[in-house]
Number of protein chains: 2
Amino acid sequence: MALAAASPKTMSQQSAALLRLRELLLKGAFTAGTRLAEIPLAKRLQVSRTPLRLALVALEHEGLVQEHPTRGYVVRQILRKDIFETIEIRGMLEGMAARLAVERADREFLGLGNLRRSVNAIEIALKTIDTDTAGAFNTYIEQNQLFHQHLIALAGSQTLAREIDRITGRPFAAPSSGFISAQVDLPRSRHVLRMGHDQHVAIVEALERREAARVETLMREHARLARLNLEIALDENVRTASVPMLRLIRNGEAA
Amino acid sequence: MALAAASPKTMSQQSAALLRLRELLLKGAFTAGTRLAEIPLAKRLQVSRTPLRLALVALEHEGLVQEHPTRGYVVRQILRKDIFETIEIRGMLEGMAARLAVERADREFLGLGNLRRSVNAIEIALKTIDTDTAGAFNTYIEQNQLFHQHLIALAGSQTLAREIDRITGRPFAAPSSGFISAQVDLPRSRHVLRMGHDQHVAIVEALERREAARVETLMREHARLARLNLEIALDENVRTASVPMLRLIRNGEAA
DNA sequence: ATGTCTCGAATTGTATGCAGTTTGCAATCA
DNA sequence: TGATTGCAAACTGCATACAATTCGAGACAT
C-alpha cells in the first residue's frame, strides 16, 4: 500500500488518520451516534486498521468519539450543555493564563506589542465592516486567534497551554473560521465582533496595569462570546448546509 | 474515579496494559526520560504490542508519557513548575465545579448530606490524630476523596467532571494515599490536615449559603494544599525510597 | 585523537490473519 | 401478528509477521 500521495512529507499513517478523521468529524460528516466501523473507515481514510485504532483512541481523549461498551467507537453526540460548559472551562483556563501573565513579574511584558498589534489590526478592520464585511470578519478571526495565542504564551506555562489547546479543539468551544464566517450576514454577529474587540482593549489595559483579578474576569467573559455566537447561530437558523457540524448538537439530555 | 473505568468481567488487554503501566509510572518505576521500549515492556505487562501501543497513546493524552519525535515514547519528566501549574488548574476547575453547584438552583442540594458526612468523619478522626496518627491520615485521605467526588457530582457537569478526572490523575496534582501517608510523621503535615478540614467546613458553609464566588475561591485555595504538601515533602527530604515517584521531579527548565 | 561514514542489529510502524463476540435476520412458536 | 430463539455474517480485539527506520559500533580518513 503506502499510497502516501496526499502527504507532503512522510507523515505517519497514524497522524494521517488522526488528522483526516478529525477533520471529517469537525466537518460534521457523521451524525451523532454513528458507529465508526473500522473497515470501511480505514478504506475511506486510506490507512489500515491499526493506525486507525490509534487515532480513535486519541480522538476519544479529545472528546470527539466515544467508546461503545461492546462495540468499537461511535461519534460522540454534543449536547448544548456540553458546549456551554466547555466554553466556560476555556474561559477559566484562559483567565488563568491572563492572570499568570500578570503575575510573572520577571518579564516586562515584551509580548504586549504583539497583543496591541492584533488589537489595532482588528480596530482598523472594524472601521470597514459595513463596506467590507467579509474582510472584517476574516481579519477578526485571524487576529483574534493571534491575540489569544500571544496571551497564552505570555503566561509562560507549557502545561496550561496544552490544556487550553485541548479544550479549544473541541467543537464550538472557540471561534472557528468556518463557523463564524457563516454568520457574516447577521447584524447581531457583527455586534459580537465589536464586543470582542472592546473586550480585547480592556484586556490589554488590564494587563498593562497588572490588574490580575480584573484581567482574569475579563478573559472569562470574553470566552462567553463563543456561547453568544452559538446561540445566535441557532436562533437565526444558520443553514446547516454551510455548517454541517451544527448537526451534531442535541438539545436534551444524553440519549 | 472514572480513570479506573473498566469492565469487571472481561478486562481488555488494552485496559490491563493501561492500568498496569499507569501504576508503574505513578510509582516512579522509571526515571524521567526513560525510553519505553515496546517489546520488553509488553513482556513485562503480559500483553502484546498492539494493546500496549493503544495504552501508550492514551497515556500520552494523560500527560504521563511523551512521544519521541523519531522513536516511540519516553517517560515524561515532571518539572516542579508543571506540578504547581497542574495543581492550580485543578483548583480552577474544582472551583468552577463548586460554583456550578451553587448556581444550579434546580436541585435543593440533596447532596450536601454526603459532604457533611465526610466532614464529620474527618472531624472525628482528627480528634485522635495524636494517638492514632496513621488512622487519622487514612480517614482524611479517604473522606477527602469522597468530599471532592460528591462536590463534583453536585456541579452536574459531565464535561467538567471528565476534565477534573484527567487533571487529578497527574502525579502530585491531588493527594494520593501513597504520597500523603509517607508524611505521617511530619508535624507540618498534620497541620495541613487540619487546614484542609477547616477549609472543608468553610466550603460547606459557603455552599449552604449559596455564596458562589466565595466557594469558588475557597476551592481554589483548597487545591493549593497539594502544593504545600509537596513542598513540605521536598523540604523534609521525605525518603524517596518510600515515594519513588518523587524521583520523577526535576527542578530546572525542560531538559 | 577526533570526526565521519558505513553497515548491521534492534526497534518501531504497519498490515493482516485469526478467534471470540455481537448484531441482525429469519424462521418458528405463541 | 408479535415475540423469541437460533444461526450466520460481520466486526472487533489481539497477536504476529514484515518492512522501513533508526541507532550504535567500528573502521577509515583526516
Side-chain angles (χ1 to χ4, degrees), chain A residues 1-22 24-25 29-61 64-77 255, chain B residues 4-22 24-25 29-61 64-76 255:
Chain A
M1 260 292 195
L3 277 180
S7 55
K9 287 182 185 176
T10 33
M11 179 152 57
S12 79
Q13 297 295 82
Q14 180 190 341
S15 307
L18 182 59
L19 289 176
R20 303 203 50 200
L21 182 52
R22 179 160 44 206
L24 282 179
L25 289 167
F30 310 95
T31 58
T34 307
R35 263 204 24 220
L36 292 171
E38 291 183 1
I39 295 175
L41 195 56
K43 231 173 250 169
R44 184 166 178 182
L45 300 177
Q46 310 258 29
V47 300
S48 84
R49 287 175 50 219
T50 304
L52 171 59
R53 268 300 250 300
L54 296 167
L56 284 169
V57 172
L59 286 171
E60 184 186 14
H61 278 259
L64 292 179
V65 305
Q66 202 167 15
E67 198 177 4
H68 187 80
T70 66
R71 204 163 175 97
Y73 292 88
V74 299
V75 178
R76 190 153 177 229
Q77 71 173 337
Chain B
S7 43
K9 276 186 181 180
T10 41
M11 177 146 69
S12 71
Q13 297 293 82
Q14 179 187 341
S15 306
L18 183 58
L19 290 176
R20 303 204 49 201
L21 183 51
R22 180 160 45 208
L24 282 179
L25 288 167
F30 310 95
T31 58
T34 306
R35 237 175 30 92
L36 292 172
E38 290 182 4
I39 296 176
L41 194 56
K43 230 172 253 170
R44 184 166 177 181
L45 299 177
Q46 311 258 28
V47 300
S48 83
R49 287 177 50 217
T50 303
L52 169 58
R53 189 67 83 80
L54 295 168
L56 284 169
V57 173
L59 286 171
E60 184 185 13
H61 277 259
L64 291 179
V65 305
Q66 200 167 16
E67 199 178 4
H68 186 80
T70 66
R71 204 163 174 96
Y73 292 87
V74 298
V75 177
R76 191 153 177 231

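The shown structure was predicted, so the numbers you read here are calculated from the model rather than taken from an experiment. First the proteins, then the strands, lettered A, B, ... as listed; each starts at 1.
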Tell me: [atom1] of [X] to [atom2] of [N], nearest whole Å?
X       : N      : atom1 : atom2 : result
A:Leu18 : C:dG13 : CG    : P     : 14 Å
B:Lys43 : C:dT12 : NZ    : P     : 12 Å
B:Tyr73 : C:dT11 : OH    : C1'   : 15 Å
A:Gln14 : C:dT12 : CD    : P     : 14 Å
A:Glu67 : D:dT12 : CD    : C1'   : 11 Å
A:Gln13 : D:dT21 : CD    : P     : 12 Å
B:Leu56 : C:dT11 : CG    : P     : 15 Å
B:Leu41 : C:dA10 : CG    : P     : 19 Å

Item to check | Test applied, side-chain contact (heavy atoms from CB on, under 4.5 Å); reference residue, A:Leu59; option that passes from A:Leu36, A:Leu64, A:Leu54 | outcome: A:Leu64
Checklist entry - Reckon A:Leu36 touches a base, only the sugar-phosphate, or nothing at all at heavy-atom distances under 4.0 Å? => result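 Since only primed, P, OP1 and OP2 atoms lie under 4.0 Å of A:Leu36, the category is sugar-phosphate.
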Checklist entry - In Å, rounded to the nearest 0.5 Å, how long is the span from CZ of B:Arg71 to CD of B:Glu38? => result 10.5 Å
Checklist entry - Closest nucleotide of DNA chain D for A:Thr50 versus for A:Arg71: which of these residues is on the 5' side? => result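 Residue closer to the 5' terminus by nearest nucleotide: A:Arg71.
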Next on the checklist: Whether A:Arg53 contacts D:dT12 is assessed here as follows: a side-chain N or O lying under 4.0 Å from the phosphate OP1 or OP2. Is that the case?
Outcome noted: no
Checklist entry - So which heavy atom on A:Tyr73 is nearest to which on A:Glu67, and how close? => result CD2-CA, 3.7 Å
Next on the checklist: So which atom in A:Ala58 and which in A:Leu18 form the shortest heavy-atom distance, rounded to 0.1 Å?
Outcome noted: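 Taking A:Ala58 first and A:Leu18 second, the nearest heavy atoms are CB-CD1, 4.0 Å.
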Next on the checklist: Quick one, B:Val47 with B:Arg20, criterion side-chain contact (heavy atoms from CB on, under 4.5 Å). Give me CA distance, side-chain angles, the key distance, then yes/no.
Outcome noted: CA-CA 11 Å; B:Val47 300; B:Arg20 303 204 49 201; over 6 Å; no
Next on the checklist: Ignoring hydrogens and geometry beyond distance, is the side chain of A:Arg49 in donor-acceptor contact with the base of D:dG13 at under 3.5 Å?
Outcome noted: yes
Next on the checklist: Between A:Arg35 and B:Thr70, which residue's closest nucleotide on DNA chain C lies nearer the 5′ terminus?
Outcome noted: B:Thr70
Item to check | Candidate nucleotides C:dT12, C:dT16, D:dT12, ranked by approach to the side chain of A:Ile39 - the nearest | outcome: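 It is D:dT12.
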